[in-house]
Every structure is written in C-alpha cells, then in structure tokens.
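Computed from heavy atoms alone, side chains included, the values below leave out hydrogens, waters and symmetry copies.
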Amino acid sequence: MAPRNLSHVTEFILVGVSDLPELQVPLFFVFLVIYLLTAAGNLGIITLTTVDSRLQTPMYFFLRHLAVINFGNSTVIAPKMLVNFLVSKKTTLYYECATQLGGFLVFIVAEIFMLAVMAYDRYVAICNPLLYMVVVSRRVCLLLVSLTYFYGFCTAIVVSSCVFSVSYCSSKKINHFYCDNVPLLALSCSDTYLPETVVFISAATNLFFSMSIVLVSYFNIVLSILRIRSAEGRKKAFSTCASHMMAVTVFYGTLLFMYLQPQTNHSLDTDKMASVFYTLIIPMLNPMIYSLRNKDVKAALKRFMTNPCDSFKSL
C-alpha cells in the first residue's frame, strides 16, 4: 500500500504526438486541417439529416448521432492538442485531465455501441424489410440512442473515477497527446491493480458485446443477400450496408490492432499512433465514407447548396 502522505499533483505534462521541436509547427497544421475537415464533415451530416425531409428515416437518424459522437470525440481531443503544438509548457491541470478522459470515454464507448445499433438497423432493413418501420420505430430509435449515450456516460464515470483514485507523485509526464487510461496509470506510484482490472474488463466487455452484435447482424445480412436471386437485387441490398461495413471494419480493425498486440511488441508509442487514428482520423473519414457512397446524402447536399429553403419542406 502507498503511504498516505504522498504529494498530490495539480497538473500533468502531455508529451504530444512527438517531442521533436522541429515537428511541432508542421504537425500543428496537419492536425488543424484534419480537425477542420472533421468538424465540417460531421456538422454537415448533422445539418443535412436534420433539415432535409427526405433523410428522416431511422438509418439517417443513427447516422446523425454517429456524426455527433465523432464531432464530440475529436473536439474533446483536438483543441488542447493543437494548443500544445504551439506552446513550450505543455501542461494540463489535474481536473482538466480528468474531464478530458471522461469526455473521451463517453464518446468512444458511445461510438462502439452506435456502430452496433447501426448494424442492427441494417439487419432489420435487409432481413425484415416489411416490418422495418414497425421494428425500428421512432420510439425504438430514441430508446437505442438514449441507452447508448447513457451507457457511455456511466462507463466514463466508473472508469475515470478508478483511474483518478490512485496516487500520482513526482512523475507527471504523460507519454500521450491526451489524458488516456494506460499512460496515466503508468505514472501512478500506488497499486494500480484495481483500476487496471476495471479498464481491461470494461474495454473487453464493450468490444465483445458490440462486435457480437455487428458480426451476428452481418452474418444474417450476408445470408439474406445470397438468397436474393437477381444480381440487381443483391447489388441494391449490399449498397445499403456497404458504407457501414467499411466504417465498422476501419474502426474495429484499429481497436483490435491496439488491444490484440503481443505484449512484447506493445508500447505506449504504438498506442499513441492507434489513438490518432480512432480519435482524429476515423471521425474525419466517416462523413466521407457515408456521403461519397450515398446517393441520398449527395442529393440532399446538392439540394441544400442550391436552395436551402427547399430542404425544410414537408418537415
């Protein structure tokens, strides 16, 4: 047990993506562009799926909330990260760090389960099209989204409380560009068995259940598509879930790469690179994946750009 008179740190130092001085300004502009594209893309999806009368379906309702989550996740991380590229003292206050970790956990857990909800939505649309509007009703949509946010919030409270229940002493340099579980616990000078166990069980449970929903949904989707006799019918059915399949593959692939590495090859630097991908790159890519391959979204954007007032008709 750690002694009770350990000093309590009031701030941490974030190392960032790189600690090389000559890379700070170039990296600032690279990640500024990434964040601006992320904000523009996700706010665009949110706006179009809110105001366009032709996008008022369960699929676009879930897509809107995925965009909210992606924008929220990147906004929790990017502004502080960008500021730290330009200052010499890359500090973050203790409670600021705790808030950032909590915000990150809310959105990353919500994204994991929102992708699972979207997979279930595609399963119902393809496997039970006649019952689609009954099974995925407005009430069910609101319930699923509310549970996703609520579970993300509860996870954030439990996990961040465990991480910040340990003692942090003289060492306060976080080898990361934001406050994350593993690099924070690596700095602790007290027993970290309980918080490490909570973090592991939470991550493993969330991944297992969300991936199970996704895999079962897509297994049934593939079987249904194979039973369609016409090539045109199979193509149309596949196109309704192609964008989501691509987004799921990129997101879960990144998480599995991080969590399933052999312990001998695992390092905080590797985690840092994977974190760049799922906190900043994927939120930027998702609007592109869903809009570039989606005729409805492209048509809605064209209508909105040519005549914004027309998008509000029949809402």
Side-chain angles (χ1 to χ4, degrees), residues 12 35 38-39 42-43 45-46 49-50 58 61-81 92-121 136 138-166 174 176-185 192 194-214 247-248 251-252 254-255 258-259 275 278-280 282-283 286:
F12 294 101
Y35 179 63
T38 300
N42 285 290
L43 291 175
I45 292 288
I46 293 167
T49 56
T50 300
F61 177 78
F62 294 133
L63 178 57
R64 182 192 315 154
H65 285 279
L66 179 65
V68 170
I69 290 166
N70 283 160
F71 177 66
N73 198 13
S74 59
T75 301
V76 165
I77 305 298
K80 182 68 177 179
M81 177 190 188
T92 181
L93 297 175
Y94 181 88
Y95 291 106
E96 183 184 9
C97 187
T99 302
Q100 186 182 51
L101 174 61
F104 163 72
L105 289 171
V106 168
F107 290 115
I108 198 70
V109 172
E111 182 168 6
I112 288 172
F113 283 97
M114 187 59 66
L115 289 172
V117 166
M118 293 174 76
Y120 171 73
D121 170 70
V136 192
R138 177 74 176 175
R139 185 177 179 181
V140 170
C141 290
L142 289 170
L143 178 64
L144 290 173
V145 168
S146 299
L147 287 174
T148 297
Y149 286 123
F150 179 72
Y151 180 72
F153 181 76
C154 291
T155 302
I157 293 294
V158 172
V159 174
S160 58
S161 296
C162 285
V163 171
F164 281 90
S165 67
V166 300
I174 302 173
H176 218 304
F177 56 91
Y178 70 96
C179 295
D180 197 9
N181 298 316
V182 176
L184 271 167
L185 291 174
T192 59
L194 177 60
E196 285 177 349
T197 303
V198 170
V199 168
F200 175 78
I201 291 175
S202 175
T205 302
N206 292 339
L207 278 174
F208 174 77
F209 282 110
S210 61
M211 286 190 67
S212 296
I213 295 169
V214 170
V248 163
F251 182 76
Y252 284 111
T254 304
L255 290 182
M258 192 171 83
Y259 284 108
S275 297
Y278 66 72
T279 59
L280 298 168
I282 290 177
N286 276 346

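Looking at heavy atoms from C-beta onward, V214 lies out of side-chain contact with F251 at the 4.5 angstrom threshold. For the pair D121/F61, no side-chain contact is recorded, criterion being any heavy-atom separation below 4.5 Å from C-beta on. Residues S202 and V158 form no side-chain contact, since every pair of their non-hydrogen atoms from C-beta on lies 4.5 Å or further apart. Considering only heavy atoms from C-beta on, Y35 comes within 4.5 Å of T75 through its side chain. The shortest side-chain heavy-atom distance between N206 and Y151 falls under the 4.5 Å cut-off. Contact of the L280 side chain with the M81 side chain is registered, since non-hydrogen atoms from C-beta on lie closer than 4.5 Å. In this structure, the side chains of L184 and I174 come closer than 4.5 Å at one or more pairs of heavy atoms. Inter-residue side-chain proximity for L255 and M211 is flagged as unmet; no heavy-atom pair is nearer than 4.5 Å.
The two residues T148 and L144 come nearest to each other via the heavy atoms OG1-O, 2.8 Å. Closest approach of P195 to C162, counting heavy atoms only: CB-O, 3.5 Å. V109 approaches G152 most closely through the heavy-atom pair CG1-CA, 3.8 Å. Across all their heavy atoms, C179 and T92 have their closest contact at SG-CG2, 4.0 Å. The shortest heavy-atom contact between D180 and S275 is OD2-OG, 4.3 Å. Of all heavy-atom pairs spanning G102 and A156, the tightest one is O-CB, 3.3 Å.
A donor-acceptor distance shorter than 3.5 angstrom exists from the side chain of Q100 to the backbone of V76, with no hydrogens or angles considered.
Here the straight-line distance linking atom CZ of F209 with atom CZ of F113 works out to 8.0 Å at 0.5 Å rounding. Interatomic distance, C154 SG to L105 CG, rounded to the nearest 0.5 Å: 12.5 Å. From E111, atom CD reaches atom CG of N70 across 4.5 Å, with rounding to the nearest 0.5 Å. Annotation: the span from Y252 atom OH to I112 atom CD1 amounts to 6.5 Å, rounded to 0.5 Å. To the nearest 0.5 Å, atom CD1 of residue I45 and atom NE2 of residue H65 are 13.5 Å apart. Taking CG of N286 as the start and CG of L115 as the end, the distance is 7.0 Å to the nearest 0.5 Å.
The closest side-chain donor-acceptor pair between N73 and Y278, if any, does not fall under 3.5 angstrom.
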Any chance you could lay out the side-chain contact (heavy atoms from CB on, under 4.5 Å) test for V182 and E196, step after step, and finish with the verdict? CA-CA 8 Å; V182 176; E196 285 177 349; over 6 Å; no

In sequence, state the C-alpha distance, the side-chain angles, and the governing distance for L143 and R139, and then conclude on side-chain contact (heavy atoms from CB on, under 4.5 Å). CA-CA 6 Å; L143 178 64; R139 185 177 179 181; 5.7 Å; no

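More than 12 heavy atoms of other shown residues, nucleotides or ligands fall within 6.0 angstrom of atom CZ in F164.
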